[in-house]
Structures are given as structure tokens and as C-alpha cells.
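These notes are about the structure you will find just below.
Just follow the structure's listing: the first ligand is 1, and inside any ligand the first atom is 1. In what follows, residues are counted from 1 in the order of the sequence shown.
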Amino acid sequence: MEPDDRARVVLEETRAAGHDDVAWKQGRVFSLAYYGGPQVELVAERAHAMYSSANGLNADAFPSLKRFQSDVVARVIEWVDGGAEAAGFMTSGGTESILMAVKAARERGRRERGIDSPNVVLPTSAHAAFEKACYYFGLESRRVAVRDDWRADVDAMSRAADENTVLFVASAPQYPQGVIDPIPEIAALANDRGVNCHVDACMGGVTLAYMARSGESVPPWNLSVPGVTSISVDLHKYGYTAKGASVIVHRNKTLRSYQTFVTDNWLGGVYGSSGVLGTKSGGPMAAAWAVMRYLGDDGYRSLTATARRTALRLADAVESIDGLVLRARPDSTLVSFGSREQNGPDIFAVADELFRRGWYVDRQGPPPSLHCTVNASHEGTIDDFIADVRDAVRLVGESGGRGREGSYGTVE
Ligand SMILES: *Cc1c(COP(=O)(O)O)cnc(C)c1O
């Protein structure tokens, strides 16, 4: 249908509101957004629009959404080598997947071992969403310092655990420096104690699966590793679908049962839900299903190869720029770097200069660093970006300017 006059005006206002937003489709934004090209975007947006008001709370009423979820989860189970027993759910994003992993671990500890003051043992590099989960669900977060190479320190994690530990966490890769933790060793700690091990592959799940299929050697990272009990993969990142789509996969249905919630303790009858949300838009589920069908294995292999190649190109360039230090060789597509010396160019001033030139990168620390989430949309712009980074480092070095820290998320 064509919009009427009033609808046209309102839609134009809506579009105009985005005027100052970052230009994420032009390959100038290295954080927060992912772009798989105009056709992928079109498929995602149209599929999303078709089901945006359908409600995933009750799949009996919407068999379409049930089908989308079960097909999407089945595909992700293949990516993470889950095997025949694995079972999962779609969630609204990485944070909800992680909330559910922590909640499931707490519940298992309570029911199987009577633990009422549970703790989680996790490296300092694990995502902030684990902190949120511990805070929401009343678990103690036991952060353990990472090694010099930014990977989790398994011996220190073992020492931090006790009889109230219900969960060990590993990441593939961790967000801040983009490296994969020693997952078999961490999973073994969990296995020995009969507790959960969650692998946060929110960022790497799609990329690592297709790097391996293209013949790159990838360290063990998924459910093929004994002792891993659950894993999260975000589709709204390197799955290149619309925002609001992630998957959590558990090793089997028993472990998954600790995630769900059912009650009849109100006047409205039996109420069950798999995750945090009640009413749940079908839009992201439909978009994920449609984009996955549209891209297929070939599409993902090609987008992954492009992103990976581009990330390595940036990493090589950073290593060649005087005054910069690459935090780690990227294990997937995340590139993190800082100032080589304590009194070298202020890295946040470099980010300010890049921002003035129309680039958006993530600022993080400790230590003060810039972080680039490289995706397929950067292939055509990476050389310009590298030239501007080189220039910005030189300018800041000469002027001695200081920059502002910034943050990954906001509260207002
Ligand atoms: C993005 C991310 C998350 C959180 O996911 P959201 O989709 O932002 O909620 C968790 N872990 C890692 C490693 C991530 O990159």
C-alpha cells in the first residue's frame, strides 16, 4: 500500500531524525553495526516488517515463528558442532543469551547440588553482560586476571573456584582484544566439577564456523569440546541480520530445561517463556531466517572471508605504524590497538581526530585502546582508514593533544 499524506510526512520526519547518526553502511563505523550489502539489508528489512507485530510469546498462534526459530537454531547447532542432542532458543541478543546461560547455571546448581550462594568464575576479558547477569540474578562474579597474551589464565581460574562455583566462562573470541580463550582447559575445569561451562561466541560464532570451513585452522571453540555445556552466537552481528537476534545452544535438553520459566501462580493460567521477554516481536526471528536462507553457506563463507582478510590487513597496518601497538593478532575479526609508550600519542585523541574525519571506533580500557569490529562493509574503505590512522597518530604526536574516553554503552 502507498502511504497517505499524513503517513508520508511522519515517515519523512522519522527518516530525517537519523541525519546525525553514524554512517554505518558506508564502511566508516567500526562498532555497533554490521552491513552485508544492499540485498541482505532489503531481505532483512522486508522480512522484519512482515512479522514485526507477530508475537513469539506463543508459538501455537504463530507456527511461522516456531518454524523460523527451529530452522535458525538447527543451523546454528551445525555451526557450533552441537550434534543430535543439542537444543537451543532464539533470544533478543547476546545479552539475553548470556543472562540465560547464567540463570541456567544458577538453577542447575540449586536443583542438583542445593547451592544457594552461587558464584561464576570468569576472566576479566569476559563481556560486561556477565556482570549484568550476576547482578540481576544474585550470583557472585569472580573475575580472574588474564595472561600477558590476554587469554584466560586457567590455573588462576581453577584457584578462584570453590564448591559454590556453578559456571566457568570462556570466550571465542573475547571482545576487548579479540583472542580466543583456552577453551578445552576451561571446559575441563567445569567437567571435573560437574558444573556448567558457557562459551561466549556472540562475536565469533559465525566467523569461526566459516573460517574453519574455508580451511583456516581455528582453535577448539565450540560444543565439540568436552565439558562445554552452552554457547551463544549473535546473528545480529556477523549473521548480518536485523538487530534483536541471537541463539543460545545447550548441550542437551536437560541442561536447556534450567533456562526456561513456567508458572501458574496468578489468575491467568499456565504461563511459560524461554527467555527474559514476554511479548516478543517476530520481526527479528523472520529477518534472521530470511537472511540465513538468502546468504546460505556460500554467502556466509564469502562475507566471512572478506571480513577476515580486511581485519588482518588492518592488523598488519597497525603493526607498521610508529607509535602504535597491536594488542593481539586477531583470532577472528576484532582489532585492538593502543599507544606504544606510556607517554606516546594519546590514543583517545587519535579517536577524536578519526571522528573529525568521519570514522567511528570504539574506545576501551584498561589499557586505553581503540577497538575495531571489522566486517565485510569495510573492505572498500580500509585503506582510507589506515591512511587516516597513520595521519592522526602523527598529528596527535606533534600536538600532544588529549582525548575523551567515551564508552561502549550509555544510560540515557
Ligand atoms: C556483543 C557481545 C555481547 C553482547 O551482545 P549484545 O547483542 O550487545 O547484547 C556479548 N559478548 C560478546 C563477546 C559480544 O561481542
Can you pull out the closest protein heavy atom to [atom]? Residue, atom name and distance to 0.1 Å, please.
{"atom": "atom 12 (C) of ligand 1", "value": "Asp200 OD2, 3.3 Å"}
{"atom": "atom 7 (O) of ligand 1", "value": "His236 NE2, 2.8 Å"}
{"atom": "atom 5 (O) of ligand 1", "value": "Gly94 CA, 3.2 Å"}

Run Asp391 and Arg357 through salt bridge (Lys or Arg N to Asp or Glu O under 4.0 Å) and show every step you take.
CA-CA 11 Å; Asp391 243 27; Arg357 296 170 182 227; 3.2 Å; yes

Pairing donors with acceptors under 3.5 angstrom, does anything connect the side chains of Arg193 and Thr165?
no

Under-4.0 Å salt bridge between [X] and [Y]:
{"X": "Arg143", "Y": "Glu131", "value": "yes"}
{"X": "Arg402", "Y": "Asp352", "value": "no"}
{"X": "Arg394", "Y": "Asp322", "value": "no"}

[X] N/O under 3.5 Å from ligand 1 N/O:
{"X": "Cys202", "value": "no"}
{"X": "Glu96", "value": "no"}
{"X": "Tyr175", "value": "no"}
{"X": "Gln174", "value": "no"}

Show me which atoms of ligand 1 lie under 4.0 Å from any heavy atom of Thr95.
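That gives atoms 4 (C), 5 (O), 6 (P), 9 (O) of ligand 1.
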
For Asp234, counting its heavy atoms only, list the atoms of ligand 1 lying under 4.0 Å from any of them.
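Contacts of ligand 1 toward Asp234, numbered from 1: 1 (C), 5 (O), 7 (O).
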
So which of Lys132, Lys237, Met203, Lys243 gets nearest to atom 14 (C) of ligand 1, if we judge by its closest heavy atom?
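When every heavy atom of Lys132, Lys237, Met203, Lys243 is considered, Lys237 comes closest to atom 14 (C) of ligand 1.
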
Ring centers of Tyr51, Phe62 separated by less than 6.0 Å:
no

If every non-hydrogen atom of Tyr300 is compared with every non-hydrogen atom of Gly239, which pair is closest and at what distance?
OH-O, 2.8 Å

